[in-house]
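I have placed the structure first, in the form of structure tokens, so that the comments after it can refer back to it.
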Number of protein chains: 2
Amino acid sequence: MSGDPLEHQKPGSSNEITPARRHRARRGEGEQLREDILEAAERLLIETGDKNAVSIRAVARTVGVTPPSIYLHFTDKNELLFQACQVHWKRFDAHIRNATKGIDDPVERIAACGRAYIEFGLANPEHYRILFMSKPDEQPSHTDVQQLLLDSGFTRLFQAISEAVERDQIVGDPGLIVFHCWSVVHGLTSLLISHPDLPWPDREVLTKHLLETSMRGLAPDRSSPDHQ
Amino acid sequence: MSGDPLEHQKPGSSNEITPARRHRARRGEGEQLREDILEAAERLLIETGDKNAVSIRAVARTVGVTPPSIYLHFTDKNELLFQACQVHWKRFDAHIRNATKGIDDPVERIAACGRAYIEFGLANPEHYRILFMSKPDEQPSHTDVQQLLLDSGFTRLFQAISEAVERDQIVGDPGLIVFHCWSVVHGLTSLLISHPDLPWPDREVLTKHLLETSMRGLAPDRSSPDHQ
DNA sequence: TGTACATCAGTGAACGCGCGTTCACTGATGTAC
DNA sequence: TGTACATCAGTGAACGCGCGTTCACTGATGTAC
């Protein structure tokens with residue numbers, strides 16, 4: 001608050017995150033701040049684990065800049081949050097792509113997709129909360145979020161399912177099954193995030209059970225005459 | 001804000017909910033306010049659909065009383081919210097008990113449980129959010145919430161599953177299966193609540209598919225020699 | 001090489017808001033004598 | 001039946017907080033002449 005750049009950080013202020021010591025950007029390098037703001041939003045999210053902690057003022061504090069500076073790069077708070085979300089979507093998508101890469105068997109690919117999904121969600125619970133558990137009206141720019149959702153791992157999953165159906169490895173309408181599968185993995189992920197202290201069975205064992213049993217339910221009836 | 005009791009409600013104040021015209025309780029009838037406060041919290045939750053709208057001040061406004069009056073009956077905001085939650089738990093439990101009452105076949109009871117669960121969640125999305133989708137540290141009195149959870153429909157589900165396993169209608173560890181089943185119904189419910197505008201398949205069809213396929217996955221292997 | 005000037009990258013102070021909570025109080029109502 | 005008094009059911013004003021956003025500004029830096 002004092003103009004003296006050498007003054008130390010005020011001690012109080014509870015939730016304070018290491019404040020940056022910032023030098024004014026040189027001319028033409030103003031865009032650097034934009035990156036720093038997004039990175040700060042990310043840090044706040046992870047370190048406090050609280051979406052409400054990501055306020056304009058807190059982000060500014062973290063970057064080491066005054067609140068009005070944020071408005072040089074984002075029109076308002078919603079836009080800032082949305083931009084921050086986009087970063088996560090890309091990571092989420094990349095993680096799933098990575099986990100399914102090179103798997104030819106579509107059923108195995110579906111399972112790998114599920115495992116990667118749960119893994120990523122539990123590793124980044126706050127991000128997961130924002131992406132999948134927020135209220136519709138807290139999701140900035142409704143349609144954009146939908147687009148992101150449908151563009152990413154969802155599509156990859158849908159393709160694997162369609163392929164598995166074509167090969168008669170599973171039966172049913174892919175348009176139904178994709179929402180079914182999503183429900184299953186989302187259910188486990190989000191319950192573990194919201195109620196971590198319940199007497200859960202071993203996480204690995206439960207995940208395995210969930211995925212295997214689900215695929216079993218989707219498999220063709222082995223006792224039916226046209227099988228085998 | 002004016003002391004004149006005949007003054008009309010101020011027009012502005014955006015989210016205002018019909019304010020009560022309250023008469024001071026007679027001596028010995030002070031407990032009535034407690035009920036009214038809980039009811040007001042309920043109304044705010046439902047009518048605004050926003051948990052943050054349930055502030056001490058908003059509740060007081062709705063009841064038609066000043067904020068300090070709340071403290072005559074609840075020690076702080078957390079306690080108020082928790083008490084309000086308890087009301088919902090009872091309803092949730094009653095709904096499930098009602099839906100499964102008189103069903104002898106345990107597998108059918110499990111499915112009925114699932115249907116009732118999804119039904120109740122979607123009919124009371126804000127309550128569902130609080131009960132099952134809040135952050136652990138926003139759940140007032142951690143252990144109490146856990147207790148409520150385990151006391152209610154969860155136990156009913158567990159019993160049905162154990163019974164089905166004993167009768168060889170489904171296979172596996174009931175302690176695993178109960179979390180599996182919960183994940184499945186919670187997944188669908190919470191996704192529909194968080195992302196209502198996605199291109200969802202017909203809700204009835206999807207629910208049916210989800211429940212039937214899940215039970216199918218849990219059923220004994222029909223091609224195995226010790227069956228039939 | 002020197003200087004006026006435009007532009008860029010921010011700052012500092014303030015706005016009005018709603019929040020949870022505390023404090024000293026008030027006024028109606030029932031009760032003891 | 002009358003009156004002093006304790007108690008109950010609240011009120012009114014204030015505390016300090018953090019928030020999003022706006023506004024007029026400043027000072028360093030590059031550029032045109």
Side-chain angles (χ1 to χ4, degrees), chain A residues 1-5 7 10 12-17 19-37 41 44 48 50-82 138 140, chain B residues 1-5 7 10 12-17 19-37 41 44 48 50-82 138 140:
Chain A
M1 307 297 172
S2 148
D4 182 355
E7 178 166 295
K10 283 189 183 171
S13 224
S14 57
N15 257 350
E16 208 76 356
I17 288 228
R21 177 66 45 83
R22 237 195 121 69
H23 299 88
R24 184 193 212 84
R26 313 193 57 180
R27 258 190 139 181
E29 296 173 5
E31 281 303 297
Q32 179 56 43
L33 179 53
R34 186 196 179 78
E35 299 303 309
D36 292 356
I37 289 171
L44 273 170
T48 69
D50 181 3
K51 186 175 116 183
N52 292 330
V54 186
S55 63
I56 291 276
R57 296 178 106 102
V59 169
R61 260 194 313 271
T62 308
V63 178
V65 109
T66 60
S69 313
I70 307 284
Y71 292 89
L72 297 172
H73 298 278
F74 303 90
T75 70
D76 58 12
K77 197 191 173 184
N78 259 340
E79 203 203 323
L80 168 56
L81 284 179
F82 181 55
E138 280 176 0
Chain B
M1 307 298 167
S2 149
D4 181 355
E7 178 166 295
K10 283 189 183 172
S13 224
S14 58
N15 259 349
E16 208 75 357
I17 287 230
R21 177 66 44 83
R22 237 196 122 69
H23 298 88
R24 183 192 213 84
R26 311 192 57 178
R27 257 193 141 178
E29 296 172 6
E31 282 302 298
Q32 178 56 42
L33 179 53
R34 186 196 179 77
E35 301 302 310
D36 293 356
I37 290 170
L44 273 169
T48 69
D50 181 4
K51 188 174 114 184
N52 292 330
V54 186
S55 64
I56 291 275
R57 295 178 105 103
V59 169
R61 260 194 314 271
T62 308
V63 178
V65 108
T66 60
S69 312
I70 306 285
Y71 293 89
L72 297 172
H73 298 278
F74 303 90
T75 70
D76 58 14
K77 197 190 173 186
N78 259 340
E79 202 203 324
L80 167 56
L81 284 179
F82 180 56
E138 280 175 1

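The structure presented is a predicted model; accordingly, all values stated were derived computationally and were not measured. Order of the sequence lines fixes the chain letters, A, B, ..., with proteins taken first and strands second; residue numbering starts at 1 for each chain.
Atom CD of Gln32(A) sits about 13.5 Å away from atom CZ of Arg26(A), to the nearest 0.5 Å.
DNA chain C is contacted by both Asp76(B) and Gly28(A); Gly28(A) maps to the nucleotide lying nearer its 5′ end (nearest heavy atom per residue). Each of Glu31(B) and Pro68(B) was matched to the nucleotide of DNA chain D holding its nearest heavy atom; the match closer to the 5' end belongs to Glu31(B). The 5' end of DNA chain D is approached more closely, in terms of each residue's nearest nucleotide, by Arg27(B) than by the other of Arg27(B) and Ala25(A).
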- Task: Evaluate the side-chain contact (heavy atoms from CB on, under 4.5 Å) criterion for residues Tyr71(A) and Ile56(A): first the C-alpha distance (whole Å), next the side-chain angles of each, then the deciding distance (0.1 Å), finally the verdict.
- Result: CA-CA 9 Å; Tyr71(A) 292 89; Ile56(A) 291 276; 4.0 Å; yes
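Closest approach of Leu44(B) and Ala53(B) over heavy atoms only: CD1-O, 4.1 Å.
Taking atom CG of Leu72(A) as the reference point, atom C1' of dT11(C) lies 10 Å away to the nearest angstrom. Between Tyr71(B) atom OH and dC19(C) atom P there is a gap of 11 Å when expressed in whole angstrom units. Nucleotide dT22(D) holds its P atom 15 Å from the NZ atom of Lys77(A), rounded to whole Å. Counting to the nearest Å, the P atom of dA9(D) and the CD atom of Gln32(B) are 12 Å from each other. To the nearest angstrom, P of dG10(D) lies 13 Å from CZ of Phe74(B). Lys51(B) has its NZ atom 15 Å from the P atom of dC19(C), to the nearest Å. Here the C1' atom of nucleotide dG20(C) and the CG atom of Asn78(B) are 11 Å apart, to the nearest Å. As rounded to whole Å, 13 Å separates atom P of dA9(C) from atom CZ of Arg34(A).
In this structure, dC17(C) forms a base pair with dG18(D), meeting either the Watson-Crick or the G-U wobble geometry with both donor-acceptor distances under 3.5 Å. Across all strands shown, dT29(D) forms a Watson-Crick or G-U wobble pair, both distances under 3.5 Å, with dA6(C). Here dG12(D) sits opposite dC23(C) as a Watson-Crick or G-U wobble pair (both hydrogen-bonding atom distances under 3.5 Å).
In terms of polar N and O atoms assigned as donor or acceptor, the side chain of Arg26(B) never comes within less than 3.5 Å of the base of dG30(C) in a complementary pairing. Counting distance only, with no hydrogens placed and no angle test, the side-chain atoms of Arg24(A) and the base atoms of dA28(D) include no donor-acceptor pair under 3.5 Å.
Contact between the side-chain N/O atoms of Arg61(B) and the OP1/OP2 oxygens of dC19(C) is found at a separation under 4.0 Å. Here Ser55(B) reaches the OP1 or OP2 of dC19(C): one of its side-chain N or O atoms lies under 4.0 Å away. OP1 or OP2 of dT11(C) sits under 4.0 Å from a side-chain N or O of Ser69(A).
Looking only at distances, no side-chain donor or acceptor of Arg22(A) sits under 3.5 Å from a matching main-chain atom of Val65(A). Put simply, the side chain of Asn78(A) never gets that close to the backbone of Leu81(A): no donor and acceptor are under 3.5 Å apart.
Within the nucleic acid shown, Thr66(B) comes within 4.0 Å of at least one base atom, counting heavy atoms only.
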